[in-house]
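Every chain is numbered from 1, with letters handed out A, B, ... down the list of sequences.
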Protein chains: 2
Amino acid sequence: MTGVSPKTRIQKKNTRAILEAALEIFSKHGFRGSTVDQIADAAGLSKPNLLYYFPTKEAIHLELLAGLMDTWLAPLRQLDTDGDPVDEIIGYVLRKLTMAQELPRESRLFANEIVQGAPRIIDQIEGDLRDLVNEKCDVIQGWIKQGKLADVDPHHLIFSIWATTQQYADFDAQIRGILRPRNDAHFSDAARFLETFYRSALTVR
Amino acid sequence: MTGVSPKTRIQKKNTRAILEAALEIFSKHGFRGSTVDQIADAAGLSKPNLLYYFPTKEAIHLELLAGLMDTWLAPLRQLDTDGDPVDEIIGYVLRKLTMAQELPRESRLFANEIVQGAPRIIDQIEGDLRDLVNEKCDVIQGWIKQGKLADVDPHHLIFSIWATTQQYADFDAQIRGILRPRNDAHFSDAARFLETFYRSALTVR
DNA sequence: AAAGAGTTTGACCAAATGGTCAGGAACACG
DNA sequence: CGTGTTCCTGACCATTTGGTCAAACTCTTT
């Protein structure tokens with residue numbers, strides 16, 4: 001039987017272990033750079049056993065990406081039309097930064113995929129993601145029209161938020177390399193920087 | 001003979017073709033995702049012939065990375081202590097954005113490398129790059145002390161500039177996917193956004 | 001035009017890799 | 001406790017891939 005959808009106790013345990021291991025490996029080496037053996041090792045299974053649960057390496061990768069997309073979009077979903085505009089945006093920035101800190105592997109998994117042209121998730125990007133972004137851009141545009149937010153292009157504002165927050169996960173090696181041997185707690189510095197930065201850029205005066 | 005340093009007419013032509021082809025392939029598929037055959041094809045050479053000029057696949061990759069590092073740092077080098085602080089930073093932002101537009105392959109080459117932990121360029125990051133960044137951070141800190149620039153962490157300011165500009169090359173697939181079917185000239189929108197954004201965030205009032 | 005250096009190639013190799021399969025071991029359940 | 005299902009494994013396979021090599025070809029130089 002191939003491509004089992006988790007039912008039994010053992011199936012649940014093992015599919016969970018495989019996805020966890022795959023996240024670890026794929027996020028570190030990219031799709032092509034990861035081997036089924038590596039994933040099987042990390043999951044504590046033999047290769048044939050792993051392939052008993054997922055038919056192919058690609059199936060694991062797809063399941064991972066699909067399963068994480070929701071988590072990934074959650075912070076943007078929370079953006080509240082009725083809140084204070086600047087605070088709402090700052091809140092979004094800080095939520096995204098927290099995600100970069102707490103889920104760096106997920107961030108890198110997406111980064112790896114997108115840098116290489118997003119071949120496997122272009123549909124989700126042009127679907128759910130685009131819809132959500134456009135919806136929230138309308139909200140932001142509304143705030144701007146009400147004079148509650150500086151006049152900036154909403155799409156590029158969102159892009160900038162993704163870039164400035166996710167870099168702390170995706171380009172961690174670079175940032176650590178440059179900051180070394182300075183403090184290791186650069187996330188709180190980043191939070192301070194981003195908050196004052198976005199507040200000062202977005203506040204209407 | 002292995003690892004020829006270009007001397008003859010043919011050597012110059014072929015090493016150039018190989019590096020150009022390698023940039024194309026590596027930036028698209030990453031190191032592990034690229035094959036020597038692909039590069040040889042793109043360069044119009046046979047595999048053994050390619051390996052006559054470079055001893056290994058890794059040697060090509062290293063040569064590329066090392067050769068491009070200078071180009072990559074040039075915009076930051078131009079940051080002028082004696083210029084107007086805000087204009088200098090804006091100028092840097094726009095130069096980096098132009099590079100993302102004109103040299104997206106180079107940007108993605110680095111992005112691929114850094115996302116995966118920068119195993120092959122960590123030395124350069126912790127060497128030349130770090131030194132240059134620290135030097136320029138001192139300049140920025142000086143401007144801040146003189147009250148000519150808003151008080152922000154210089155390191156994180158630079159990180160944010162890298163992130164907001166390079167994303168237009170590195171995450172091109174995502175940005176196009178979201179903006180589609182809108183205009184294709186999003187670089188000028190990005191330039192407008194970034195200029196007003198950084199100006200408004202950095203100007204002292 | 002011959003010699004020697006530089007260049008190119010087909011054939012080949014070893015290792016790595018994704019995936020298969022027949023059968024055995026462990027488990028659930030009546 | 002027996003039986004059918006689920007789970008697991010060693011052995012195996014085809015393909016891909018990085019790299020080698022001897023031989024052949026071509027270019028330059030005298």
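Note on N49(B): a side-chain N or O is less than 4.0 Å away from OP1 or OP2 of dT9(C). At the phosphate of dC27(C), neither OP1 nor OP2 sits under 4.0 Å from any side-chain N or O atom of T8(A). Under 4.0 angstrom from either OP1 or OP2 of dC8(D) there lies at least one side-chain N or O belonging to N14(A). The shortest distance between the side-chain N/O atoms of Q11(B) and the OP1/OP2 oxygens of dT7(C) is below 4.0 Å. Under 4.0 angstrom from either OP1 or OP2 of dT9(D) there lies no side-chain N or O belonging to Y52(A). Side-chain N/O atoms of S46(A) include none lying less than 4.0 angstrom from OP1 or OP2 on dC8(D).
Between L50(B) atom CG and dT8(C) atom P there is a gap of 11 Å when expressed in whole angstrom units. Across the protein-nucleic acid pair, F54(A) atom CZ and dC7(D) atom P stand 13 Å apart, rounded to whole Å. Atom CD in E58(B) sits roughly 12 Å away from atom C1' in dG18(D) (whole-Å rounding). Counting to the nearest Å, the P atom of dT9(C) and the OH atom of Y53(B) are 10 Å from each other. Regarding L51(A), its CG atom lies at a distance of 8 Å from the C1' atom of dG18(C), rounded to whole Å. Note: NZ (K12(A)) to P (dT6(D)) measures 15 Å, nearest angstrom. Going from atom NZ of K57(B) over to atom C1' of dT17(D) covers 8 Å, rounded to whole Å.
Of the N and O atoms on the side chains of Y198(A) and S160(A), at least one donor lies less than 3.5 Å from an acceptor on the other residue.
Residues from residues 35-42 of chain B placing a heavy atom under 4.0 Å of any atom in DNA chain D, listed by number, are T35(B), V36(B). Using a 4.0 Å cutoff on non-hydrogen atoms, no part of residues 108-121 of chain B comes near DNA chain D. Within a heavy-atom distance below 4.0 Å of DNA chain C, the residues of residues 24-32 of chain B found are R32(B).
A donor-acceptor pair under 3.5 Å is absent between the side-chain atoms of Q166(A) and the main chain of S107(A), judged by distance alone. The backbone N or O of T164(A) sits nowhere less than 3.5 Å from a side-chain atom of K96(A) that would complete a donor-acceptor pair. The backbone N or O of A169(A) lies less than 3.5 Å from a partner atom in the side chain of R108(A), making a donor-acceptor pair.
You'll find the ring centres of H186(A) and F193(A) outside the 6.0 Å limit.
Taken from CG in L157(B) to CG in L149(B), the straight-line distance is 7.5 Å, to the nearest 0.5 Å. To the nearest 0.5 angstrom, E63(B) atom CD is 12.5 Å from L23(B) atom CG. Distance check, rounded to the nearest 0.5 Å: CG of L73(B) to OG1 of T71(B) gives 9.0 Å.
Between R9(B) and P48(B), the one whose closest nucleotide on DNA chain D sits nearer the 5' end is P48(B).
Using a cutoff of 4.0 Å between basic side-chain nitrogens and carboxylate oxygens, E135(B) and R77(B) are not scored as salt-bridged. Between D87(B) and R199(B) there is a salt bridge, since at least one side-chain N of the basic residue sits less than 4.0 Å from a carboxylate O of the acidic one.
Residue-to-nucleotide contacts include a donor-acceptor pair under 3.5 Å from the side chain of K47(A) to the base of dG18(C).
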